Structure formats: C-alpha cells, structure tokens
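This report concerns only the one structure given below.
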Amino acid sequence: MKQPIRIAVLISGSGSNLQAIIEHQKQHAHEYEIALVLSNKADAYGLVRAQKAKLPTQIIEHKKFENRERFDQALQVAIDSQQIDLIVLAGFMRILTPAFTQHFLGKMVNIHPSLLPKYTGLNTHQRALEAGDTEHGLSIHFVTPELDSGPVILQAKVPVSPEDTEQTLKEKVHQQEHRAYPLVIEWFAQGKLALKENQAWFEQSILSKPQQLNVLNDRSI
Ligand code: GRF
C-alpha cells in the first residue's frame with residue numbers, strides 16, 4: 001500500500017487554514033501526514049494550534065538572517081531534513097527566492113485570497129471592493145518564481161454583496177479556503193496533481209482552466 005505523503009505547512013499568523021488541514025488530516029491519515037509546521041514568526045498563533053495537535057513545529061525567524069537568500073537556505077535545510085513531499089504555504093508572509101522555489105518546483109502550493117490573475121499581492125479584499133467586483137474568491141496554485149503567478153489548480157468564488165465590508169468579504173473567502181485547501185492536498189497525496197512545463201495537470205490532463213470548488217462538490221469529489 002502507498003505510504004502517506006509528508007507535508008510541511010508554512011505559516012506566519014493565525015493559521016486558520018492550518019487548523020482546517022489538521023481537522024481534515026485526521027480523516028485522511030492514510031493519505032498524508034503533517035510532518036512539520038514551520039513559522040517565520042515566534043508569536044504566530046498557528047504554532048499554538050500545531051502544538052495542541054501535537055505536531056512537530058519549528059521557528060525560523062527571518063529577522064535573524066542578514067538577507068532573503070540566507071533565510072531561504074535555512075528553510076530549505078529544515079524542510080529537506082524532514083523528507084517532505086509537499087510544502088503548503090498557508091499565510092506564509094515571505095517572498096521566496098527563485099533558488100528556493102526552483103528547488104521545490106512542483107512540490108509547493110500556495111493559497112491566495114483572490115481570483116488570480118486578479119489582485120496579486122496584498123489587500124485583495126479591499127481592492128475587489130474598490131473595483132466594484134460582483135465576485136471574489138481564492139486561488140490555490142503551484143508556486144513558481146514569480147509572486148502569485150504559478151499555474152492555478154483550484155479556485156472558489158464568493159459573491160460580493162453591496163453590504164460587504166473588507167472584514168465580511170475576508171470571512172466569506174476564509175470559509176471557502178478551509179474547504180478548498182484540504183481538498184488540493186488530498187489530490188496531491190492521491191497523485192492526481194502535477195506541474196509540468198509550467199502547467200498544472202490534473203489526472204493526466206492539462207488544466208486549461210482551474211478547477212472550481214463548487215462544481216467539483218456537485219460531483220461529490
Ligand atoms: C489566507 O487568507 C490566505 O489566503 C493568505 O493568508 C491568509 C492566511 O490565513 N495567503 P490563516 O493564517 O490561515 O488564518
């Protein structure tokens with residue numbers, strides 16, 4: 001029987017996505033294990049969540065390194081020493097060097113709170129509101145050297161209503177994130193996902209469009 005894959009979850013803050021992954025993993029222990037939770041901030045609440053779940057944690061504070069390259073090298077050593085199959089960036093607020101992304105190409109995913117290619121970078125909810133968008137959402141993508149620009153695997157849309165504030169919109173997106181991220185990890189663990197020649201593949205076919213969370217749920221995947 002196939003061994004469960006080993007994932008590392010990288011965080012900088014609250015870790016609500018990490019929590020969703022922790023809950024999901026309990027039902028999917030035969031598919032993946034959370035081998036490492038790594039934070040670049042010692043006070044990230046996600047570390048408390050990880051400790052409560054008795055997961056191995058590590059803190060590597062970026063501010064203790066003289067530059068981005070050195071910090072990323074330390075991250076790489078920590079991850080490589082744990083034989084990690086998949087790196088899950090879950091609110092990890094650091095821009096990664098090309099050397100790091102190249103080293104883990106095809107083995108690292110990120111969740112971004114917008115319907116990429118719209119709104120790379122920060123303040124995505126506010127920007128969607130200011131633009132008068134009627135829908136907003138999240139994207140999960142393979143990480144490539146360009147920020148928030150790797151091939152998108154899955155998106156989930158949420159409607160924007162006239163009453164929405166930055167906070168309500170953020171909460172709506174978060175709810176969907178907590179459904180979406182575990183699903184993508186499950187797919188990866190099942191061998192359904194791959195990155196080849198800068199394109200995302202799902203079950204041996206190029207994903208010409210990202211998967212949509214709701215459509216997939218209707219088919220009860
Ligand atoms: C999420 O909104 C995610 O899309 C973004 O950072 C946030 C992390 O939230 N990359 P949390 O720490 O998982 O609660």
Side-chain angles (χ1 to χ4, degrees), residues 7-26 32 34 36-53 55 57-62 75 86-96 100-101 104 108-129 133 135-160 164-186 188 210-214:
I7 74 165
V9 184
L10 272 53
I11 59 166
S12 301
S14 152
S16 68
N17 279 284
L18 168 66
Q19 189 68 52
I21 296 165
I22 290 171
E23 300 309 326
H24 181 267
Q25 191 275 338
K26 291 178 190 163
Y32 69 100
I34 306 171
L36 178 63
V37 174
L38 206 154
S39 175
N40 65 314
K41 292 202 170 170
D43 61 353
Y45 183 66
L47 288 169
V48 177
R49 300 181 192 268
Q51 280 148 10
K52 280 191 187 152
L55 295 173
T57 59
Q58 195 169 344
I59 301 163
I60 303 183
E61 288 179 289
H62 63 278
L75 278 186
L86 177 68
I87 301 172
V88 177
L89 303 179
F92 187 64
M93 302 303 283
R94 299 295 303 163
I95 293 175
L96 297 162
F100 184 88
T101 52
F104 293 112
M108 178 157 56
V109 288
N110 181 43
I111 189 162
H112 183 76
S114 79
L115 296 172
L116 290 170
K118 274 191 162 182
Y119 314 128
T120 60
L122 300 173
N123 304 321
T124 58
H125 311 298
Q126 190 59 36
R127 287 156 69 198
L129 284 174
D133 291 355
E135 61 181 18
H136 183 48
L138 67 98
S139 306
I140 298 170
H141 62 95
F142 279 111
V143 177
T144 56
E146 243 179 295
L147 180 69
D148 299 331
S149 298
V152 177
I153 300 162
L154 173 74
Q155 292 188 318
K157 291 179 180 154
V158 302
V160 182
D164 269 322
T165 62
E166 187 180 4
Q167 191 54 33
T168 59
L169 195 51
K170 187 174 167 181
E171 280 162 20
K172 281 189 198 172
V173 172
H174 252 116
Q175 272 184 13
Q176 297 307 313
E177 289 188 352
H178 300 161
R179 298 172 56 216
Y181 223 178
L183 184 60
V184 168
I185 295 168
E186 193 182 322
F188 192 93
Q211 302 279 27
Q212 298 294 321
L213 185 62
N214 290 326

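On a predicted model such as this, the values are computed, not experimentally measured, just so you know. Just so you know, ligand 1 is whichever comes first in the structure, and atom 1 is the first atom listed for that ligand.
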Inset, instruction - Would you confirm whether Ser139, through its side chain, and Leu116, through its main-chain N or O, come within 3.5 Å as a donor-acceptor pair? - result: yes
Inset, instruction - Using only heavy-atom distances, determine whether the side chains of Arg49 and Ser14 contain a donor-acceptor pair under 3.5 Å. - result: yes
Legend entry - Ser16 side chain to His178 side chain, donor-acceptor N/O pair below 3.5 angstrom: yes
Inset, instruction - Please report the C-alpha distance between Asp164 and Lys172 in whole Å, then the side-chain angles of each, then the deciding distance to 0.1 Å, and finally whether the side-chain contact (heavy atoms from CB on, under 4.5 Å) criterion is met. - result: CA-CA 10 Å; Asp164 269 322; Lys172 281 189 198 172; 2.6 Å; yes
Legend entry - Of the listed options Asn17, Asn110, Ile11, closest to atom 13 (O) of ligand 1 (non-hydrogen atoms): Asn17
Inset, instruction - Nearest heavy atom to atom 6 (O) of ligand 1 wins, so pick from Gly91, Ser114, Ser16, Ser139. - result: Gly91
Inset, instruction - For ligand 1, indicate whether the residue Lys170 contacts it via side chain, backbone, both or neither (heavy-atom separation under 4.0 Å). - result: neither
Legend entry - His174 contact mode with ligand 1 (heavy-atom cut-off under 4.0 Å): side chain
Inset, instruction - Examine Gly15 against ligand 1 and note whether any of their N/O atoms are separated by less than 3.5 Å. - result: yes
Legend entry - Contact with ligand 1 for Ile111, non-hydrogen, under 4.0 angstrom: yes
Legend entry - NZ (Lys41) with more than 12 external heavy atoms under 6.0 Å: no
Inset, instruction - Verify whether the ring centers belonging to Phe92 and His62 lie closer than 6.0 Å. - result: no
Legend entry - atom 4 (O) of ligand 1: nearest protein contact (heavy atom, Å): Glu177 OE2, 2.6 Å
